[in-house]
2 protein chains.
Amino acid sequence: MSATKQRIFDVAVDLISQKGFNGVPVREIAGNVGIKVSSLYNHFQSKEDILTKIFDYYEAEIEKTMRSKEYLEKRIDRLSAQEFWEKGLLNFQAVTLKPLMQKISKIILLEMFRDERARDIALDVFFSRQQKIVETIFMLMQKKGLIKDNLDPRFLAMEYTYALLAMQFEYDILTNWNLATDKVRKKMFDHIKFISEYTKSAKGGENK
Amino acid sequence: MSATKQRIFDVAVDLISQKGFNGVPVREIAGNVGIKVSSLYNHFQSKEDILTKIFDYYEAEIEKTMRSKEYLEKRIDRLSAQEFWEKGLLNFQAVTLKPLMQKISKIILLEMFRDERARDIALDVFFSRQQKIVETIFMLMQKKGLIKDNLDPRFLAMEYTYALLAMQFEYDILTNWNLATDKVRKKMFDHIKFISEYTKSAKGGENK
DNA sequence: GTCTATAGAATGATAGAC
DNA sequence: GTCTATCATTCTATAGAC
């Protein structure tokens, strides 16, 4: 991707995440890049094409992260439960809080009621995918004896991810408007601590 | 509100909830109502004015519901914990799942990153308000001895509401695209059951 | 790859007749 | 309150010179 194309991409992500796809004229994108509209069309086939490339990028980045998460799954043997969840949250935020990815997440939220591609990504990345991975992690932890035997990994994954997702959602609104996020960030850690302690087996507890 | 004005309002809510404010031309609203654009402007000062009236309506409806929720708080004495949470969910859904209210919720989601009013409603209704009410309910239950003494009502309210909110969010996406919602609805009830059983004191447990 | 110039359609909104 | 007719902008996109 050429330097100019990259700048168009970045500017488009920035503006569309603030005003929505229909709220940003190509004029405004080109203007903020410092080129004319006709030059922009030399890099992208259409306005819609820019959005497609944004979604492509997001999916590719998520795919990369998921691979590293699976790698993390295999490293679970070397970590205590507490350590693992802390690393897990940091890993989670390392992706979702990257400025560019956070902006695209917002775009997906804005477009998912009218754009099928945005809908598919939202359902996959925000809900399904994350939950399955956490479920796998709980299963592995259970095999290791780190968490109680009588708990259902799938249910735990649900409790773990849904609340975090809503908090992440609140976090996105607050950062969008430059409002304080310390309260919601504290809630995220409180939630993780709660799940961690709720699931911890007697054996796992000794590690703390 | 005249019959025509009401129809404009309903059609506008319907279309804007699907395509976003910037995605719906006034022509399309007028066309679906069966009048000309110029006639539409006889009922609303501007396109923006329609959005304002939509937000006004939403806030007024929420205000009404909240009053009935406070009434519900005072009725807690007559119900068991289990009964109370079941009624609470039904009450919650009775508002949020009303077609018109559900559509406006979607509009708020779509506009909250660019419209201050939508942002304020989102932060208030989706996050702050609901949580405070649930916190009060947990406090009252604790006083009655229905839930364990050592639990923090504020934290419980957080655990209760955030997960439900994300599930409601998923529910909105699914219904928007006519996809099956039975799985996520089951999750809602599972979550409530979990919180209900997690918090239940020995005394409260006997009621079941 | 960038520009100027412009096409051609769609936009929000108004004037004024009925 | 509704209509026809119209305005002034704004929109996405293209042609063709440099």
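Naming convention: chains lettered A, B, ... in sequence-line order (proteins, then strands); numbering from 1 in each chain.
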How about A:F126 and A:F169: are their ring centres within less than 6.0 Å of each other?
no
Test: B:E170 and B:R185 ion pair at under 4.0 Å:
no
Tell me the ring pair (Phe, Tyr, Trp, His ring centres under 6.0 Å) pairs involving residues 30-50 of chain A, sequence neighbours left out?
none
Side chains of A:D10 and A:Q6: donor-acceptor distance under 3.5 Å anywhere?
yes
Tell me yes or no: between the side chains of B:Y160 and B:T199, is some donor less than 3.5 Å from an acceptor?
no
Going by heavy atoms closer than 4.0 Å, what residues in residues 25-52 of chain B are next to DNA chain D?
B:I35, B:K36, B:S38, B:S39, B:N42, B:H43
Please report the distance, rounded to the nearest Å, between CD1 in B:I16 and P in C:dG12.
10 Å
Judged by modelled atom types alone, do A:Q102 and A:Y171 share a side-chain donor-acceptor pair under 3.5 Å?
no
Residues B:R129 and B:E63 bridged, charged N to O under 4.0 Å
yes
Nucleic acid contacts - residues 1-14 of chain A versus DNA chain C, non-hydrogen atoms under 4.0 Å
A:T4
Do B:Y162 and A:Y162 have ring centroids that are under 6.0 Å from one another?
no
